[in-house]
Amino acid sequence: MARKVVVLGEVRDGALRNVSFEAVAAAKTVAEGGEVVGVLVGDSVSALAESFIHHGADRVIVVEEANLKQYTPDGFSQALLAVVEQEQPEGIVLGHTALGKDLAPKVAAKLDSGLISDATGVEAAGGNILFTRPIYSGKAFEKKMATDKLIFATIRPNNIAPLEKDESRGGDVSSLAVQIKDLRTIIKEVVRKASQGVDLSEAKVVVSGGRGVKSKEGFEPLQELANVLGGAVGASRGACDADYCDYSLQIGQTGKVVTPDLYIACGISGAIQHLAGMSNSKVIVAINKDPEANIFKVADYGIVGDLFEVVPMLTEEFKKLKVHS
Ligand code: FAD
């Protein structure tokens, strides 16, 4: 059954986040040959429509309004609901990001619709759409079939491959005028934590440190390794609680969920709450002094040793490989 599916694009630093392109790919599966409509919400975002189309959106609707400069659940839900009202789609897909996690339940409630959240896979089978999603903190996966008339889902970043960028693709770009009103929150200022380089939730490589890193300075060799691999640094809650790093780096049940191609855990014991945030990484390397550490149970490669010896050695070897490649 061909469906019309709406995808909300997420904008950061003047560009569409990769998860928006992954959402387009998921939406194509949900659409089963129907139309994928990208939606851009902000105060000056229309220039990004082309990029949405190059990554698979058939057309794009832009909602621009001064009150949409910063994300607020009231503002963005009014914008998205106005698009839904106009388009009457059979599907909506958002990224399972901080924004998507906040916005999707609100919009789903307003539409009196169900919501399948945090999907890591989507497939069409015999007219039905099946979503794969992790349960029990990532220990198991379930397949959920959408039975509502409206299929509404959020997808976990880094799990569904985006379509190849095709600059020859064209599509209609239209704007929808929406008057945003009754905002209950107004963002006066955004204070950004200085983050080094790659966005942790979208990084292909994550080098993560635990209490075994022992100090703030102990994170420096991890940052060097991450730099060489073009990755980001993450941490366990143990390291954050000990004030070795900022809580924005925390990975796990109460932190960020990451699914990079490569996760290198350094001095992390592998508590279940940490595994909840990283065990779906494609390849896991664990470095720990304790051969009995739980992290080795989920690791594809384990190195029993002192991280302060192993991490610099890895950095040097990767540097050599980069020189020769
Ligand atoms: P530890 O358990 O102290 O492990 C340190 C490891 O470093 C040890 O295995 C040790 O062998 C190794 N080590 C020490 N020195 C070296 C060295 N020189 N070289 C190599 N290895 C070395 N935790 C999270 O991470 N994320 C969460 O989101 C999270 N949420 C939680 C939510 C709740 C409700 C609760 C109760 C807990 C949560 N936790 C979370 C905490 C979790 O239970 C663990 O306490 C925490 O993950 C432990 O951090 P750690 O592995 O860094 O420290």
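Computed from heavy atoms alone, side chains included, the values below leave out hydrogens, waters and symmetry copies. Throughout, residue positions are numbered sequentially from 1 according to the sequence presented. All ligand and atom numbering here is 1-based and tracks the order in the structure.
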So between [options], whose heavy atom ends up nearest [atom]?
| atom | options | answer |
| --- | --- | --- |
| atom 16 (C) of ligand 1 | Arg211, His274, Lys289, Gln273 | Lys289 |
| atom 33 (C) of ligand 1 | Arg237, Lys256, Gln253 | Arg237 |
| atom 52 (O) of ligand 1 | Gly305, Ser236, Gly277 | Ser236 |
| atom 46 (C) of ligand 1 | Gly218, Gly270, Gly238 | Gly238 |
| atom 9 (O) of ligand 1 | Ile287, Asp290, Asn288 | Asn288 |

- Does atom 40 (C) of ligand 1 have a protein heavy-atom neighbour under 4.0 Å away? yes
Going by the order shown, which atoms of ligand 1 are within less than 4.0 Å of some heavy atom of [X]?
| X | answer |
| --- | --- |
| Gly210 | 52 (O) |
| Ala271 | 42 (C), 43 (O), 44 (C), 47 (O) |
| Thr254 | 27 (C), 28 (O), 29 (C), 30 (N), 31 (C), 32 (C) |
| Gly255 | 28 (O) |
| Gln250 | 26 (N), 27 (C), 28 (O), 29 (C) |
| Asp306 | 17 (C), 18 (N), 19 (N) |

Residue and atom name of the nearest protein heavy atom (relative to [atom]), distance in Å to one decimal:
| atom | value |
| --- | --- |
| atom 2 (O) of ligand 1 | Ser269 OG, 2.7 Å |
| atom 13 (N) of ligand 1 | Gly212 CA, 3.8 Å |
| atom 15 (N) of ligand 1 | Lys214 NZ, 2.9 Å |

- Any N or O of Leu307 that comes nearer than 3.5 Å to an N or O of ligand 1? yes
- Any N/O pair Gly267/ligand 1 closer than 3.5 Å: yes
- Query: Could Glu87 and Arg59 be called an ion pair, given the rule that one side-chain N must be under 4.0 Å from one carboxylate O?
  - Reply: yes
- Task: Salt-bridge test for Lys289 and Asp306: reply yes if a basic N is under 4.0 Å from a carboxylate O, no otherwise.
- Result: no
For [X] and [Y], indicate whether the former's side chain and the latter's backbone hold a donor-acceptor pair under 3.5 Å.
| X | Y | answer |
| --- | --- | --- |
| Arg184 | Pro73 | no |
| Ser281 | Ile284 | no |
| Arg237 | His274 | no |
| Glu65 | Ile180 | yes |
| Lys319 | Val228 | no |
| Glu142 | Arg133 | no |

- Does a side chain donor of either Gln78 or Asp74 reach within less than 3.5 Å of an acceptor in the other side chain? no
- Query: Do Ser248 and Asp246 have side-chain N/O donor and acceptor atoms under 3.5 Å apart?
  - Reply: yes
- For ligand 1, indicate whether the residue Ile251 contacts it via side chain, backbone, both or neither (heavy-atom separation under 4.0 Å). backbone
- Does CG in Asp166 sit with more than 12 non-hydrogen atoms of other residues, nucleotides or ligands closer than 6.0 Å? yes
